[in-house]
Amino acid sequence: MLDARERLIVALDVPSLREAEALVARLGDTAVFYKIGYQLGFAGGLGLAADLIASGKQVFLDFKLHDIGNTVQKGVESVAKLGATFLTVHAYPQTMKAAVAGREGSKLRILGVTVLTSYDDADLAAAGYDMSVPELAAARAEQARDIGIDGLVCSAEEVRRLRDIAGPGMVLVTPGIRPAGSAAGDQKRIVTPARAIESGADYLVVGRPVVEARDPKAAAEAIVSEIEHATGNRRGS
Ligand code: C5P
């Protein structure tokens, strides 16, 4: 059973190393798991990832890989050597197979991105898909499970449905989290931390509600205690 603190992944969605380091320092022991994406990753964030890992924190590299199999496999091998805990890939079968091969023998866990949480059915139609968000997410989850992917990134609305497909062994990681009263931003499918945990999400990814808070540590602490209270009402626990 995970500690409530371990379930909160703070997205370091800031433009510079200086700001990221300041945020990490401010959060102190409140945050033990950080997500680094494009913005910081391409601004020196991989060095910070190595430093965070060396200091005992866990790191989620949200690079949503998708390329030819050989390129994905070699890239994943490098991420595994870095000591990261999670890495995202888009949930296309060829990409997922290559990622699973690349993380072999390491502690890295691969997360498949089924459908981005900023997408709705109209966005999928514009991208050429003749499927609704739930249909595409379910189809990709089945493929991920069959290929041996370790977990999925999904909206909290999808957690119950995906848990039935994924089974208890896969981790479900949920962005689009908004504590009551915070702005949705560009997220189209949002829920509170408590709802997400009660639905069966294992980890919550939270960016702006912590990063843009006047007091990020207090905001993160409030989310951790909401997670703690909700854990008892968790589906399946
Ligand atoms: O600021 P906010 O809490 O919306 O940040 C959510 C984080 O989760 C962002 O870093 C975003 O890129 C990421 N994410 C997402 N939807 C996915 C995968 C990752 O919002 N499907």
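If you're wondering where the values come from, they're calculated on a predicted model, not measured in any experiment. When a ligand or atom number is given, it counts from 1 through the structure's own listing order.
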Partner of Ile9 by side chain to side chain contact (heavy atoms under 4.5 Å, CB included), out of Leu204, Val205, Val59 =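 Answer to the side chain to side chain contact (heavy atoms under 4.5 Å, CB included) test with Ile9 among Leu204, Val205, Val59: Val205.
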With no hydrogens and no angle check, do the side chains of His66 and Thr95 hold a donor and an acceptor under 3.5 Å apart?
->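 Side chains of His66 and Thr95: pair found under 3.5 Å.
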In terms of side-chain heavy atoms, does Ser132 have a donor or acceptor partner in Asp121 at a distance below 3.5 Å?
-> no
Hey, looking at atom 8 (O) of ligand 1, which of Ser155, Ser118, Pro175 has the closest heavy atom?
->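 Going through Ser155, Ser118, Pro175 one by one, Pro175 has the nearest heavy atom to atom 8 (O) of ligand 1.
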Closest to atom 1 (O) of ligand 1 (heavy atoms only, candidates Glu212, His90, Arg208) is Arg208
Given side chains that start at C-beta, do those of Ile110 and Val89 come closer than 4.5 Å, heavy atoms only?
->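 The answer is yes, as the side chains (C-beta and beyond) meet within the 4.5 Å cut-off.
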Can you name the atoms of ligand 1, numbered from 1 with element, that are less than 4.0 Å from a heavy atom of [X]?
X	answer
Lys64	18 (C), 19 (C)
Leu116	21 (N)
Val205	7 (C), 8 (O)

Using a strict 4.0 Å threshold on nitrogen-to-oxygen distance, state whether Lys217 and Asp29 make a salt bridge.
->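 No salt bridge links Lys217 with Asp29.
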Taking NZ, NE, NH1 and NH2 as the nitrogens, is one of them in Glu19 or Arg26 under 4.0 Å from a carboxylate oxygen of the other?
->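 No, no charged N to carboxylate O under 4.0 Å.
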Over 60° means perpendicular and under 30° means parallel, so classify the ring planes of Phe42 and Phe63, tilted if in between.
->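 If you compare the ring of Phe63 with that of Phe42, the planes turn out parallel.
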Answer side chain, backbone, both or neither: which part of Asp62 comes under 4.0 Å from ligand 1, heavy atoms only.
->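 Under 4.0 Å from ligand 1, Asp62 contributes side-chain atoms alone.
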Using a 4.0 Å heavy-atom cut-off, say whether Pro209 meets ligand 1 through its side chain, its backbone, both or neither.
-> side chain
Contact check, Arg178 vs ligand 1, heavy-atom distance below 4.0 Å | yes
Give yes if a backbone or side-chain nitrogen or oxygen of Gly207 is under 3.5 Å from a nitrogen or oxygen of ligand 1, and no if not.
->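 Between Gly207 and ligand 1, an N or O pair is found under 3.5 Å apart.
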